Amino acid sequence: MTSAKRKRRLTVLACVLTAYVAGTIIAIRQGYSFGKNSVVRCRQGHLFTTVWIPGASVKALRLGFWRLQWCPVGRHVDLVHPVKSADLTDAERSFALAHHDAPVP
């Protein structure tokens, strides 16, 4: 591989990583949380917890801020997105924590 190609690839990689970091910081400042027990909602309104790591996915197909993933509450595959903690009632939060998707293999 030539030096120019290597430099171009490193530049593209740096830009992608910077975009993920910036997007994650902005989302956290807006009230979203990420990690092992992130509360998400499917398009049918079901709440559950899942592992949500920005830029990485083992059990789902990433589509920007949405993911195509199994919903354990409705037992269907649907688009899911993170939910702000401030937007949840205590009952919704406890329901979501009681319903977790399949563990990481």
Side-chain angles (χ1 to χ4, degrees):
M1 183 176 342
T2 66
S3 177
K5 260 189 178 177
R6 186 175 303 138
K7 196 178 274 189
R8 189 176 314 121
R9 285 185 181 186
L10 287 174
T11 302
V12 169
L13 178 63
C15 290
V16 169
L17 289 175
T18 301
Y20 271 115
V21 169
T24 302
I25 291 170
I26 291 168
I28 289 171
R29 287 186 179 170
Q30 290 180 350
Y32 294 98
S33 64
F34 302 106
K36 187 174 181 183
N37 286 320
S38 298
V39 178
V40 296
R41 184 184 309 269
C42 75
R43 290 187 309 160
Q44 292 186 7
H46 302 129
L47 290 168
F48 61 97
T49 57
T50 188
V51 177
W52 193 287
I53 300 169
S57 179
V58 177
K59 305 178 288 183
L61 176 64
R62 287 183 291 130
L63 303 168
F65 200 59
W66 292 79
R67 291 188 180 177
L68 186 63
Q69 184 171 337
W70 174 255
C71 172
V73 178
R75 302 189 54 78
H76 58 96
V77 175
D78 206 349
L79 291 173
V80 301
H81 63 93
V83 179
K84 294 180 184 180
S85 297
D87 293 345
L88 296 173
T89 65
D90 290 335
E92 288 176 325
R93 189 174 294 107
S94 61
F95 179 84
L97 290 172
H99 295 85
H100 195 80
D101 67 340
V104 177

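Remember, it's a predicted structure, so these values are computed and weren't measured experimentally.
Aromatic ring centres of His99 and His46: separated by at least 6.0 Å.
When side chains are defined from C-beta on, Leu68 counts as touching Val77, because their heavy atoms get closer than 4.5 Å. Within the 4.5 Å cutoff, the side chain of Val39 has no heavy atoms near those of the Glu92 side chain. Looking at heavy atoms from C-beta onward, Leu88 lies in side-chain contact with Val83 at the 4.5 angstrom threshold. The shortest side-chain heavy-atom distance between Arg75 and Trp70 falls under the 4.5 Å cut-off.
Closest approach of Val51 and Arg67 over heavy atoms only: O-NH1, 3.9 Å. Residues Ala60 and Ser57 approach most closely at O-OG, 2.6 Å, considering heavy atoms. Trp52 approaches His81 most closely through the heavy-atom pair CH2-CA, 4.2 Å.
Atoms OG1 and CZ, from Thr49 and Arg93 in turn, are 12.5 Å apart once rounded to the nearest 0.5 Å. Once rounded to the nearest 0.5 Å, the distance linking NE2 of His76 with CZ of Arg43 reads 9.0 Å.
The number of heavy-atom neighbours closer than 6.0 Å to NZ of Lys36, taken from other residues, nucleotides and ligands shown, is 12 or below.
A donor-acceptor contact closer than 3.5 angstrom links the side chains of Asp101 and Gln69.
Note on Leu97 and Val80: separate hydrophobic clusters, where clusters join Ile, Leu, Val, Met, Phe, Trp and Tyr whose side-chain heavy atoms are under 4.5 Å apart, directly or indirectly.
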